[in-house]
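These notes concern the structure reproduced below.
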Protein chains: 2
Amino acid sequence: MTEGEVDAASRVEAAAFLWAQPSGRKPGPKPRYTLDGIAEAAIAIADESGLDEVTMQRVAERLGTTKMALYRYVPGRAELDAIMLDTALGAPVVAEGVQWRAALTAWAAGVHTRAMTHPWVVELVQRPHTPGPGELAWFEAGLGTMVELPLRGGEKLDLLTLLVGHVMSLVRQRDSSRAPEQQLAASLASILATRAELYPRTASAFAEADDDGARDDALRFGFERVLDGVAALVAERGASSSSPS
Amino acid sequence: MTEGEVDAASRVEAAAFLWAQPSGRKPGPKPRYTLDGIAEAAIAIADESGLDEVTMQRVAERLGTTKMALYRYVPGRAELDAIMLDTALGAPVVAEGVQWRAALTAWAAGVHTRAMTHPWVVELVQRPHTPGPGELAWFEAGLGTMVELPLRGGEKLDLLTLLVGHVMSLVRQRDSSRAPEQQLAASLASILATRAELYPRTASAFAEADDDGARDDALRFGFERVLDGVAALVAERGASSSSPS
DNA sequence: AACTGATTGCGTCCACTGTACGCGATCGCG
DNA sequence: CGCGATCGCGTACAGTGGACGCAATCAGTT
């Protein structure tokens, strides 16, 4: 058995754990902690110090116990990640009674907000994993904004993925422009300065972008492009299929 | 000093290492290995068994030495990731003498090809890091396809990021639908089957997508949407700037 | 030709992961 | 009232990245 297979297996287990309903029977001592409490602690650590500071030890310390005690609640590290992600995602944002374009924008903006609150979710979401109830609820809500659209199922999924990808990219950028990560941007800048003749377009693009200040419309720019593209497709299909007015 | 800061610092060091030019002086024993050889070995391991099987130990074993010997060539794990990524990316694809739309599509398709060859680059690219020479060359080439477009620098960068994000999402999907990761998809399917009433739209969207077979046009679908959106913007700006009616 | 000091190969050691396992304490249910 | 499932948690271990130090090597200088 390869390690790769082990990893895959552990991710499946993590999913099973995430979807397991709470068992009611309790023939034993009262649990001293709760899954939610553990998730909260882990999330707090991740928010404060980053995802890879989240270790069984740290979480346990924060709860005032030892790491091995946690294994009574969480089968392993993978499962901890899973509940962290699903907890942090929370309930999806839904904008009722608006057109698909506004609804989809609101949905994606909601994803953005959530991800900005917990920048580490980017890492977890973009890691191979089975979605939990919360993540699926987001998906469901996103699909809900598109019921009217003449798109195939796969296309709708692709569209959501595209929007999520865009949001996550931006969160990553924003996050890494914070201290102390801004050294990253700084090092890139110095590299570009040194080899401006090797990468002229890149250098000038970045310079130009800096002049614009920290454009907060990058998010909107991406949405607009994608949704314009969708609108074009919808117009085309609407014209050819239903009622050419 | 927080660990988070340490991480950031190590990434900056990784960048410096990546951009360092080979020093010529050699007052000592001949190096028995080369950076390229090490990178190759690491890449081979990642290709065969996945990224997290790439450990100093494994790489050393593959080269027939011990891990500590490697530290003479590579300052640390972060730097190993950096050279793996930059080596695997290789030289950018450029389509000369075609319109921006075709050129940009070809560029993105090139990214897709490279990423499919080494699925683990997705993980590395989407991790916070300073780009190496290879990655920057890709960026430069991508920007090169857009010289004619009436877009601001920041917008061009956003556009490339958007396309890359889309490509990476798809690579991830393809990759995780391979054995043994396909259990992931399988577990999602069984979840959806069980709770179809909770996630009706998601369930039907996936069912529909499966009916379409493994649509290989997901990539193209995303490109089309985005580029249609860009075309719309270009048309608008072209009209208002050159010949205002 | 001898010397010298930078540089290489690599063994030892350490902090710290995640986690298997086992033991005693607890307490709901029959 | 006791049976046995469940809890808290200590011990133990394999495997990680990495600091450090020492001996062997060899390019330059003398």
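Protein chains get the first letters and strands the later ones, always in sequence-line order, with residue 1 at the start of each.
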Atom pair distance, as rounded to whole Å: [atom1] in [X] and [atom2] in [N]:
X: A:Ile38; N: D:dC9; atom1: CD1; atom2: P; value: 12 Å
X: A:Asp52; N: C:dG18; atom1: CG; atom2: C1'; value: 15 Å
X: B:Lys67; N: D:dT16; atom1: NZ; atom2: P; value: 8 Å
X: A:Glu61; N: C:dG18; atom1: CD; atom2: P; value: 12 Å
X: B:Lys30; N: D:dG28; atom1: NZ; atom2: C1'; value: 16 Å
X: A:Arg72; N: C:dG18; atom1: CZ; atom2: P; value: 18 Å
X: B:Arg77; N: D:dG18; atom1: CZ; atom2: P; value: 8 Å
X: A:Gln57; N: C:dG18; atom1: CD; atom2: C1'; value: 10 Å

Check your understanding: Just by distance, do the side chain of B:Trp120 and the backbone of B:Leu85 share a donor-acceptor pair under 3.5 Å?
Key -> no
**Study point:** Donor-acceptor under 3.5 Å (A:Trp107 side chain, A:Trp138 main chain)
**Key:**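 Indeed, once roles are kept as given, a pair shorter than 3.5 Å links the two residues.
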Check your understanding: Heavy atoms under 4.0 Å, any strand shown: does A:Met68 hit a base, just sugar-phosphate, or nothing?
Key ->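 The residue A:Met68 makes base contact.
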Exercise for review: Decide, yes or no, whether a salt bridge links B:Glu48 with B:Arg58 under the criterion of side-chain N to carboxylate O below 4.0 Å.
Suggested key: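 So B:Glu48 does not pair with B:Arg58 through a salt bridge.
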Within the pair [X] and [N], is there a side-chain N or O less than 4.0 Å away from OP1 or OP2?
X: B:Arg32; N: C:dC10; answer: yes
X: A:Thr65; N: D:dG8; answer: no
X: B:Tyr71; N: C:dG11; answer: no
X: B:Tyr73; N: C:dT8; answer: no
X: A:Arg58; N: C:dC16; answer: no
X: B:Thr66; N: C:dG9; answer: no

Check your understanding: Going by atom types only, do B:Ser169 and A:Thr161 share a side-chain donor-acceptor pair under 3.5 Å?
Key ->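 Their side chains do not contain a donor-acceptor pair, so the 3.5 Å distance test is not met.
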Study note, to complete from the structure: Here the salt bridge (charged side-chain N to carboxylate O under 4.0 Å, His left out) pairs for residues 115-142 of chain A, sequence neighbours left out, are A:Asp81-A:Arg127, A:Glu140-B:Arg201
Exercise for review: Would you mind telling me which of C:dT17, C:dT8, C:dC10 lies closest to the side-chain atoms of B:Pro29?
Suggested key: C:dT8
